[in-house]
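This report refers to the structure that appears directly beneath it.
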Amino acid sequence: MNLTDYNEIRGLLARHGFRFSKSMGQNFLTAGWVPERIAESAGLDRETAVLEIGPGVGCLTAQLAQRAGKVLAVELDRSLEPVLAETLAGCDNVELLFGDVLRQDIPDLVRGRFGEMRAVVCANLPYNVTSPLLTALIRSGCFETITVMIQREVARRICAAPNTADYGAFSLFVRWYTEPELLFDVPPHCFHPQPKVTSSVIRLTRRAEKPFEVSDEELLFTIIRAAFNQRRKTLPNALSAGLGTERSEIERVLEDCGLDPKIRGEALDLDAFVRITDGLDSFRRKKEGYLS
Ligand code: SAM
């Protein structure tokens, strides 16, 4: 059966009483080249195990199964169970798990199902959970690469450079842990039902090492979030509001870092945020030492 031919899968879905759910982000691929190209982009081989989120009717799952050693596909919608039992009947290296991926203990799942195999993620993600899901997948540290289709708007934010409207805290978070690449766009007519927006496929490759040494990683992300929470404000104003620190202290730290105190967060790259974090951290330590 051609799993991207909607005329073919319509009958199968109707037979099992399936109804598309918007809240589960169910836009299924109906253009054969797309799952093939996504699977090709994931860099698979028989020593690799893939976590797929949301197999739907299994069009991408089947492509992954042809290339990888093992595929674990987590699907929230139980009504797809009999559908997938038919469409993936010949794929012995696919394991299906029904449940909410956001409720899974990802490291535990990977350890238990993939053992020592190289682990990657490859999926056409449900758009309503893109950010929390990507955050959890990246934070888990389990995956060498994460190749996913998401809304183009989110893909642009992830891959954005400083001084652009798309650049923000999420770009910096992703960049701290991975090297992101924008691979290709997929127009709405390649899905059923058609989404309102264009989609993009991105690949995030885990960094072997953090891009920079930083004295306090938690403080780094607190500073980044504070800078972009009030992105129209200058950095001293945004950070003094977000961190509860005196504005003059922030200005001194920025001067020590050779940065203009009128600068905004959106103009700074990761390196500059790291320098500000180290500067503020050492300023606080000196102050604490002086006070005690
Ligand atoms: N892979 C299929 C394709 O490309 O045609 C379907 C992709 S569709 C965009 C997203 C899939 O994710 C749906 O099958 C949906 O039921 C499933 N899904 C939505 N939320 C989920 C969650 N929290 N955990 C696991 N699967 C989820």
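The CG atom of L239 sits 13.5 Å away from atom CD of E246, with the distance rounded to the nearest 0.5 Å. We find the CG-CD distance between L183 and E181 to be 5.5 Å, quoted to the nearest 0.5 Å. To the nearest 0.5 angstrom, L109 atom CG is 6.0 Å from L97 atom CG. The line from CZ of R19 to OG of S79 is 10.5 Å long, rounded to the nearest 0.5 Å. To the nearest 0.5 Å, atom CD1 of residue I38 and atom CD of residue Q63 are 10.0 Å apart.
Using a 4.0 Å cut-off between charged nitrogen and carboxylate oxygen, E249 and R252 do not count as a salt-bridge pair. By the 4.0 Å N-to-carboxylate-O rule, R206 lies too far from E179 to be salt-bridged with it. Using a 4.0 Å cut-off between charged side-chain N and carboxylate O, D281 and R285 make a salt bridge. Salt bridge annotation for E86-R15: present, with a cationic side-chain nitrogen under 4.0 angstrom from a carboxylate oxygen.
Under the 4.5 Å side-chain heavy-atom criterion for grouping Ile, Leu, Val, Met, Phe, Trp and Tyr, L80 is connected to F191 within one hydrophobic cluster. In the hydrophobic clustering of ILVMFWY residues, with side-chain heavy atoms under 4.5 Å counting as a link, V34 and V121 come out apart. In this structure, L133 is not a member of the same hydrophobic cluster as M24, with clusters built from ILVMFWY side-chain heavy atoms closer than 4.5 Å.
I53 and P126 make their closest contact through CG2-CD, 4.2 Å (heavy atoms, listed as atom of the first residue, atom of the second, distance). Residue V120 comes nearest to T48 through the heavy atom pair CG2-CG2, 3.8 Å, listed as atom of the first residue, atom of the second, then distance. When all heavy atoms are compared, the tightest approach of R78 to P82 is O-CD, 4.0 Å. Minimum interatomic distance between L51 and F114 (heavy atoms only, all atoms of both residues): N-CZ, 3.9 Å. Closest approach of A68 and V50 over heavy atoms only: CB-CG2, 3.5 Å. Here the shortest heavy-atom pairing between L270 and W176 reads CD2-CE3, 3.7 Å.
A side-chain hydrogen bond (donor to acceptor under 3.5 Å, both in side chains) check over residues 27-44, counting only residues at least two apart or in different chains, returns the pairs E40-R67. Applying the side-chain hydrogen bond (donor to acceptor under 3.5 Å, both in side chains) definition to pairs two or more places apart or across chains, those involving residues 123-134 are Y127-S199, T130-Q151. Counting only residues at least two apart or on different chains, the ring pair (Phe, Tyr, Trp, His ring centres under 6.0 Å) pairs with a member in residues 9-31 are F18-F20, F18-F28, F20-F28, F20-H192.
With E266 contributing its side chain and N163 its backbone, the two residues share no donor-acceptor pair below 3.5 Å. Counting only distance, with no hydrogens or angles, the side chain of T222 and the backbone of E218 share a donor-acceptor pair below 3.5 Å. A distance-only check finds no donor-acceptor pair linking the side chain of T178 to the backbone of R175 [under 3.5 Å]. The main-chain N or O of A123 is never found under 3.5 Å from a side-chain atom of E52 such that the two would form a donor-acceptor pair. For the pair Q194 (side chain) and C190 (backbone), a donor-acceptor distance under 3.5 Å is absent.
The residue from L60, L125, L29 that alone fulfils the side-chain contact (heavy atoms from CB on, under 4.5 Å) condition with M149 is L29.
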task = Take R118 and E47, measure what salt bridge (charged side-chain N to carboxylate O under 4.0 Å, His left out) needs, and give me the verdict at the end.
result = CA-CA 6 Å; R118 169 181 176 258; E47 273 71 58; over 6 Å; no
task = Take Y167 and F228 through the side-chain contact (heavy atoms from CB on, under 4.5 Å) test and state the conclusion after the steps.
result = CA-CA 9 Å; Y167 188 60; F228 288 97; 3.9 Å; yes
